[in-house]
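To keep things clear, I will list the structure first and then write my remarks on it.
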Amino acid sequence: MNVTSKSPDSPKTAQSTAHFPLADQWGRVADDLRISLIDKCNLRCTYCMPEEGMQWLPKKSLLSTAEAIRIADIGVRLLGVKDIRFTGGEPLIRRDLEEIVAGVRALHPDVSISLTTNAIGLDKRVAGLAEAGLTRINVSLDTVRKQTFAEMTRRDRLDAVIRGIDAALTAGLDPVKVNAVMLRGINDDQAAELLDWCLQRGLQLRFIEQMPLDADHNWARENLVSAAEIREQISEQFRIAVHPAPRGSAPAQLWDVFAKDEPVEDATPLGQVGIIASVTESFCAACSRTRITADGHIRSCLFSHEETDLMELLRDGSSDEDIARRWQSAMWMKPRAYGSDDVTLNSADYVQPERTMSAIGG
Ligand code: SAM
Ligand code: SF4
């Protein structure tokens, strides 16, 4: 399933892309499914959640174990999904996570099943998750300094996160990736330190530019720690060079990381670092994501103001084919870029969606 156009300037007709199961009118195909399992979380990262006052979804409106497995199955079996990622909120809060992973794995032995987590409690669950069929894991960690961690997450839980990461490595999950957001004046001087820490443990670090999806609406373009700035900062301690493998639809630009003093000719990389420039070098034209919120709504784009309800079909006896058709129609209408054709994150016209990152499922 190749995406034929990298720069979709004009809509395609339904006819021309009908053989792509989750195609949109701009020539893209979604085969990467993110399912949010819960909106609750045990941290309160400032770029994501408010300190207090979050309105949680009622338990009965969350996808049940069987519904989460059914959604994943329809995605893979009928709609060409190749990668499934469970996220939240904090997916480890769901006690049935192992059951969900095992249920999807039993139906689809070859699909990639991954998890994005803050790793609190992962040390006790990761062996079971690996046994259930989890393929890969991404852990969010923005700093390895205790005080900065507490400031960014409003909780003193760095030790628990590190225990979770160590356990994921011991369980043999490969790769274990680390997601990090840099905040101006908080941890923006720690990019190289975090990279060094990750390289020493064989972790693949991904920096993500902060996006305007925070509950407090504090995001400001002028405070953004850009991909360029992150590259500059890590270049003070390491030499980096664009990783030679083609990027495809991956949101991260990968860089090989070398010791600074090693001669360039026969240098061996210490590892890789990814930088996701969601704001300054947006990758909408190559986006292959389709998202399901914890209450069973399709979101074709993180920044979209529109959602399509799949939960009602999941609960009213509709067939898998009916669900697949509604999913296809919703994805066909995926915006070309950032929620509307002319509005980018850099524009004053950008209006933040009502749901925050924790509620959408990052
Ligand atoms: N709780 C889990 C975690 O933190 O990994 C999963 C959900 S979290 C919403 C998923 C990812 O979104 C995390 O890596 C987090 O750093 C990222 N994220 C949250 N808010 C963000 C924002 N405003 N800009 C960029 N990334 C954000
Ligand atoms: Fe929780 Fe993840 Fe949001 Fe942090 S980024 S508050 S860990 S959902």
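Since this is a predicted model, take the numbers as computed values, not measurements. Whatever order the structure lists ligands and atoms in, that order sets their numbers, starting from 1.
Using a 4.0 Å cut-off between a side-chain N of Lys or Arg and a carboxylate O of Asp or Glu, Arg231 and Glu281 qualify as a salt bridge. Glu67 has a carboxylate O that lies under 4.0 Å from a charged side-chain N of Arg315, or vice versa, which qualifies the two as a salt bridge. The pair Glu193-Arg145 meets the salt-bridge criterion, with a side-chain N (NZ, NE, NH1 or NH2) lying under 4.0 Å from an Asp/Glu carboxylate O. Electrostatic pairing of Glu98 and Arg125 counts as a salt bridge here, judged by a charged N lying under 4.0 Å from a carboxylate O. Between Asp320 and Arg77 there is a salt bridge, since a side-chain N of the basic residue sits under 4.0 Å from a carboxylate O of the acidic one.
Shown in contact with Gly88 at under 4.0 Å from a heavy atom are these atoms of ligand 1, numbered in order with element: 7 (C), 9 (C). Residue contact check: Met49 has heavy atoms under 4.0 Å from atoms 6 (S) of ligand 2. For ligand 1 and Thr87, the ligand atoms under 4.0 Å from any heavy atom of the residue are 6 (C), 7 (C). Close approach to Asn179 involves these atoms of ligand 1, each under 4.0 Å from a residue heavy atom: 14 (O). Short contacts between ligand 1 and Glu90, defined as distances under 4.0 Å to a heavy atom of the residue, involve ligand atoms 1 (N), 2 (C). Every atom of ligand 2 is numbered from 1 in the order shown, and the set under 4.0 Å from a heavy atom of Asn118 is 7 (S). When each atom of ligand 2 is checked for a heavy atom of Gly89 under 4.0 Å away, the hits are 8 (S).
Other residues, nucleotides and ligands place more than 12 heavy atoms under 6.0 Å from the CZ atom of Arg70.
Taking each heavy atom of Arg28 and Pro335 in turn, the nearest pair found is NH2-O, 2.7 Å.
Between Ile74 and the options Leu310, Ile323, Asp322, a side chain to side chain contact (heavy atoms under 4.5 Å, CB included) holds for only Ile323.
Here the shortest heavy-atom distance to atom 1 (N) of ligand 1, taken over Cys48, Pro91, Gly89, belongs to Gly89.
If you look at Thr116 next to ligand 1, the close heavy atoms, those under 4.0 Å, come from the backbone and the side chain alike. Under 4.0 Å from ligand 1, the heavy atoms of Thr117 that appear belong solely to its backbone. Heavy atoms of Cys45 found under 4.0 angstrom from ligand 2 belong to the backbone as well as the side chain.
The shortest N or O to N or O distance between Gln210 and ligand 1 is not under 3.5 Å. Polar contact with ligand 1: present for Ser140 (N/O pair, distance under 3.5 Å). Taking only nitrogen or oxygen atoms, main chain and side chain alike, Val181 does not reach within less than 3.5 Å of ligand 1. Note: an N/O pair closer than 3.5 Å links Tyr47 and ligand 1 by distance alone.
A cation-pi arrangement is found for Arg201 relative to Trp197, the charged atom lying closer than 6.0 Å to the ring centre and inside a 45° cone about the ring normal.
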(message) Please determine whether side chain to side chain contact (heavy atoms under 4.5 Å, CB included) holds for the pair Thr290 and Leu79, giving the CA-CA distance in whole Å, both sets of side-chain angles, and the decisive distance to 0.1 Å.
(response) CA-CA 11 Å; Thr290 180; Leu79 295 169; over 6 Å; no
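Ligand 1 lies nowhere less than 4.0 angstrom from a heavy atom belonging to Ser36.
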